[in-house]
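In what follows, a structure is listed as structure tokens, so that the remarks can point back to it.
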Amino acid sequence: MALSLFNTLSLAVEEFVPADGKTVRMYSCGPTVYNYAHIGNLRTFTFNDTLRRWLAYRGFVLDHVMNITDVEDKIIRKSMELGIPMCDYTRKYEEFFLEDMVTLRLEKPERIVRATEHIHEMVELIETLQDKGLTYDSEGSVYYRIARFPGYGKLSHNDFSGIQAAARVDNDEYDKDDARDFVLWKSRKGEEPYWDAPFGAGRPGWHIECSAMAMKYLGSTLDIHTGGVDLAFPHHENEIAQSEGATGKPFARFWVHCEHLHVDMQKMSKSIGNIYTLRELVEMGHSPEALRFVLMSVPYRKKLNFTIESLKGAQTSIDRLRNYKLRLETDKLADGQNNEIEKLCQQALAKFEASLDDDLNTAEALAAMFEFVRETNTLLDQGAFLAGNRASALDLLKRFDRVFDVIETRATENGLGDEAIEALIAERTAAKKSKQFARADEIRNQLLEAGIVLEDTKEGVRWKRK
RNA sequence: GGCGCGGUAGCCAAGCGGUAAGGCAGAGGUCUGCAAAACCUUUAUUCACCGGUUCGAUUCCGGUCCGCGCCUCCA
């Protein structure tokens with residue numbers, strides 16, 4: 001089966017091929033940088049990463065753009081409260097975000113673009129919409145007149161025809177003609193940051209940045225546009241109105257949305273106090289890979305219920321894969337090649353690939369791996385796994401890690417060097433031989449404290465860094 | 001009210017017409033000086049409930065109950 005994705009436009013899983021057959025032009029709504037990203041944000045960005053990696057695995061070239069929203073109401077309010085220039089404030093959180101991406105092993109999109117560096121493009125886009133008669137001015141601000149855009153609601157599958165005739169909506173804050181209308185350009189207020197524009201000083205509305213930047217870098221029609229489910233309406237619906245209103249062409253062929261993450265069955269919220277950040281989890285002693293594993297273990301279209309328990313389970317699962325890899329690399333195996341095992345490798349790879357092709361079914365892909373690990377561990381125990389089978393099993397792990405990226409460690413050498421460790425192991429082996437088990441255990445504990453775990457196998461001692 | 005999603009073992013979760021993957025946790029066992037690692041056995045005669053279609057339904061259709069999301073800012 002070919003690579004397919006669930007498209008919010010059609011509410012169906014469709015086969016995906018980039019328009020030009022080769023390069024995937026993809027846009028992802030990025031973070032608003034006014035705070036640390038929480039694990040819910042991170043789930044969506046991890047989904048972007050999985051999608052990226054799988055597209056690349058399938059041989060497509062990526063041209064992936066992600067925006068950084070660095071001008072927005074909350075940002076303005078917070079930076080003004082703190083008396084810090086807006087750009088200093090946002091730059092700090094942008095850096096934290098990029099650090100988190102590295103920690104979580106999220107691949108960097110080809111381009112990460114800031115809203116404040118594309119005001120010019122936004123102004124031009126608004127002018128185009130004005131020229132087409134799709135806007136109206138109100139007290140220095142510019143609004144989109146949705147009644148002029150047929151098809152509004154096609155992404156969120158809302159039928160707005162009923163309220164189409166609605167006359168001027170009462171609203172203290174905005175002076176809109178229709179409830180669906182939204183602001184493209186907000187007139188300057190007080191000491192807020194502003195930019196000059198033909199229609200007056202002010203700042204861009206929330207939605208315009210994505211349309212302007214996506215089209216600037218990727219053209220009028222994107223292959224894929226991604227974001228969290230909550231963005232489908234109104235944000236993405238409005239992006240469609242802006243972009244298609246201006247170009248008359250479909251804005252994105254595929255809209256792919258990632259479901260939310262809950263914590264302990266509840267929505268994350270400040271009042272409940274169940275908002276976690278990557279940094280907090282790492283401080284608590286959990287590994288970034290464990291979080292990555294948890295986030296990837298539930299397919300992106302299902303709500304994910306995060307618990308600390310699941311994080312611990314994820315770590316155990318990762319350790320299992322790492323132990324298996326170590327075993328493949330270090331076990332003494334008899335010469336030859338067992339064809340049955342080669343067949344198992346092929347089957348596991350086929351299931352792994354088919355699962356991810358099927359709308360990124362990461363849960364099933366994981367199952368394929370674990371099934372393979374269990375089966376071949378048994379064969380390893382039985383001595384049926386031969387030296388000639390090593391390569392294909394390791395290759396399978398490598399392919400798995402091209403997407404999941406949780407097996408390879410980034411642990412750096414700490415304190416003890418390899419030679420010192422080998423020396424201590426030799427001493428312990430000698431102690432064991434002369435039945436001095438107390439001394440042997442003492443050495444093992446000493447190494448454990450240094451982060452070295454020993455395993456006694458039939459062929460001798462195997463060690464690994466924790 | 002409108003649109004959409006979901007209810008599968010203690011927990012997470014796949015499967016979605018042919019008789020229940022996988023992970024974690026638990027119990028017992030093999031191996032070991034003890035560990036660790038690994039393996040084996042064990043944990044759903046059953047997939048919220050009630051009807052219907054079918055030779056056959058967890059999978060399709062209708063209804064009921066429960067939970068959730070969006071419809072205002074939100075990943």
Side-chain angles (χ1 to χ4, degrees), chain A residues 8 11 28-32 37-48 72-74 153 155-160 162-163 171 173-174 179-180 182 206 226-235 237 257-262 265-269 293-294 297-307 309-324 326-327 330-331 351 355 358 361-382 431-433 435-438 440-441 444-445 448 453-458 461-464:
Chain A
T8 307
L11 297 180
S28 298
C29 285
T32 301
H38 59 239
I39 56 175
N41 298 320
L42 262 15
R43 183 194 190 190
T44 298
F45 297 119
T46 303
F47 151 69
N48 286 156
E72 179 260 2
D73 291 2
K74 278 189 290 271
L155 180 68
S156 52
H157 303 281
N158 280 315
D159 179 9
F160 292 98
I163 62 166
N171 191 316
E173 228 179 313
Y174 300 112
R180 301 169 301 165
F182 58 93
W206 174 37
T226 73
V229 272
D230 53 300
L231 295 184
F233 187 89
H235 184 53
E237 199 74 73
H257 293 100
C258 181
E259 249 300 347
H260 275 347
L261 170 152
H262 285 198
M265 303 300 283
Q266 290 173 297
K267 199 172 174 177
M268 278 189 291
S269 79
F293 188 99
V294 167
S297 63
V298 178
Y300 77 94
R301 281 204 288 136
K302 279 204 105 173
K303 271 185 267 293
L304 187 160
N305 182 35
F306 177 87
T307 62
E309 204 53 40
S310 63
L311 247 200
K312 290 178 187 161
Q315 188 60 56
T316 309
S317 298
I318 293 170
D319 288 342
R320 178 127 181 258
L321 295 171
R322 287 178 176 169
N323 285 330
Y324 175 70
L326 186 66
R327 193 172 182 191
T330 59
D331 267 16
K351 186 178 173 192
S355 301
D358 181 14
N361 191 337
T362 45
E364 203 165 60
L366 233 25
M369 280 307 298
F370 279 102
E371 209 170 331
F372 174 79
V373 168
R374 180 173 39 73
E375 284 168 348
T376 50
N377 256 326
T378 303
L379 293 164
L380 241 6
D381 281 356
Q382 294 169 348
K432 273 176 63 178
K433 237 178 196 153
K435 306 272 184 201
Q436 292 175 290
F437 295 121
D441 290 348
R444 187 166 66 194
N445 287 331
L448 186 63
V453 180
L454 300 190
E455 291 173 20
D456 292 334
T457 72
K458 281 187 187 123
V461 183
R462 175 163 67 201
W463 64 273
K464 63 190 176 191

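Remember, it's a predicted structure, so these values are computed and weren't measured experimentally. Sequence lines set the chain letters: A, B, ... in the order given, protein chains first and strands last, and positions in each chain run from 1. The basis for the numbers below is simple: all heavy atoms, side chains too, and nothing from hydrogens, waters or symmetry mates.
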Between A:Thr376 (side chain only) and A:Leu379 (backbone N and O only), is there a donor and an acceptor less than 3.5 Å apart? no
Rounding to a whole Å, what distance do you find between A:Asp319:CG and B:A37:P? 8 Å
NZ of A:Lys464 versus C1' of B:A35: gap in Å, rounded? 12 Å
Position toward the 5' end of RNA chain B (nearest nucleotide), A:Val373 or A:Ser297: A:Ser297
If the sugar-phosphate is the primed atoms plus P, OP1 and OP2 and the base is the rest, what is the B/S/- string for nucleotides 67-75 of chain B, using protein heavy atoms under 4.0 Å? -BSSS-SSB
Any N/O pairs under 3.5 Å between the protein and nucleotides 30-34 of chain B? List them or say none.
residue: B:G33; atom: N1; partner: A:Asp441; partner atom: OD1; Å: 3.0
residue: B:G33; atom: N2; partner: A:Asp441; partner atom: OD2; Å: 2.8
residue: B:C34; atom: O2; partner: A:Arg444; partner atom: NH2; Å: 2.7
residue: B:C34; atom: N3; partner: A:Arg444; partner atom: NH1; Å: 2.9
residue: B:C34; atom: N3; partner: A:Arg444; partner atom: NH2; Å: 3.4
residue: B:C34; atom: N4; partner: A:Asp456; partner atom: OD2; Å: 3.0

Can you tell me the distance, in whole Å, between the CG atom of A:Leu380 and the P atom of B:C40? 12 Å
Expressed in whole Å, how much space separates the C1' atoms belonging to B:C47 and B:G18? 16 Å
A:Ala440: which residues meet the side-chain contact (heavy atoms from CB on, under 4.5 Å) condition with it, sequence neighbours left out? A:Arg428, A:Ala431, A:Lys432
Dot-bracket assigned to RNA chain B with the 3.5 Å Watson-Crick/G-U criterion, [ ] for crossing and | for other-strand pairs, is (((((((..(((.....[...))).(((((.......))))).....(((((..]....))))))))))))....
If you measure from the P atom in B:G22 to the same atom in B:A44, how many Å do you get, rounded? 14 Å
Looking at CZ of A:Phe45 and CZ of A:Arg43, how far apart are the two atoms once the value is rounded to the nearest 0.5 Å? 13.5 Å
Between A:Lys464 and A:Glu455, does any NZ, NE, NH1 or NH2 come within less than 4.0 Å of an OD or OE carboxylate oxygen? yes
Between B:A57 and B:A48, how far is it from one P atom to the other, in whole Å? 15 Å
Can you tell me how far apart NZ (A:Lys312) and CD (A:Glu309) are? Round to the nearest 0.5 Å. 5.0 Å
Could you measure between the two P atoms, the one in B:U59 and the one in B:G51, and give it in whole Å? 14 Å
Testing the 3.5 Å rule here: is there a donor-acceptor pair between the side chains of A:Thr46 and A:Tyr300? no
Run the salt-bridge test on A:Lys303 and A:Glu259 with the 4.0 Å N-O cut-off and return the result as yes or no. yes
Can A:Arg462 and A:Asp331 be counted as an ion pair, charged N to O under 4.0 angstrom? yes
Does A:Ser310 reach a base, just sugar-phosphate, or nothing at all? Heavy atoms under 4.0 Å. nothing
Spacing of A:Phe306 atom CZ relative to B:C11 atom C1', expressed in whole Å: 14 Å
In sequence, state the C-alpha distance, the side-chain angles, and the governing distance for A:Glu237 and A:Ser156, and then conclude on side chain to side chain donor-acceptor pair (under 3.5 Å). CA-CA 7 Å; A:Glu237 199 74 73; A:Ser156 52; 2.5 Å; yes
Pairs involving residues 361-381 of chain A, ordered by first then second residue, that meet salt bridge (Lys or Arg N to Asp or Glu O under 4.0 Å) (sequence neighbours left out): A:Arg327-A:Asp381, A:Lys351-A:Glu371
If each of A:Lys302 and A:Val453 is mapped to the nucleotide of RNA chain B with the nearest heavy atom, which maps nearer the 5' terminus, i.e. the 5' end? A:Lys302
Quickly work out the A:Asn305 CG to B:U8 P distance and round it to whole Å. 12 Å
Using whole Å, what does the distance between atom C1' of nucleotide B:A13 and atom CE of A:Met369 come to? 18 Å
Main-chain N/O of A:Ala37 paired with A:Asn41 side-chain donor or acceptor, under 3.5 Å: no
Nearest 0.5 angstrom please: A:Cys29 SG to A:Leu231 CG, how far? 5.5 Å
Is A:Thr457 near enough to B:A36 that one of its side-chain N or O atoms lies under 4.0 angstrom from OP1 or OP2? no
Nearest-Å distance once atom P is located in both B:C68 and B:A13: 16 Å
Which whole number of Å gives the distance between the P atom of B:U72 and that of B:G67? 24 Å
Atom pair CD1/CG of A:Ile39 and A:Leu261 - distance to nearest 0.5 Å: 4.5 Å
In short, A:Thr226 meets A:Ser28 closest at the heavy-atom pair OG1-OG, 2.7 Å
Measure CD/A:Glu237 against P/B:G4 and give the value in whole Å, please. 14 Å
Go through it in stages, so that I can follow the logic: the residues are A:Val229 and A:His260, the test is side-chain contact (heavy atoms from CB on, under 4.5 Å), and I'd like the CA-CA distance, side-chain angles, deciding distance and then a yes or no. CA-CA 7 Å; A:Val229 272; A:His260 275 347; 3.9 Å; yes
In whole angstrom, give me the gap between the P atoms of B:G26 and B:C65. 40 Å
Just by protein heavy atoms under 4.0 Å, how would nucleotides 20-28 of chain B read 5' to 3' in B, S and -? -BSSSS---
P spacing across the pair B:A38 / B:G56, given as an integer number of angstrom: 46 Å
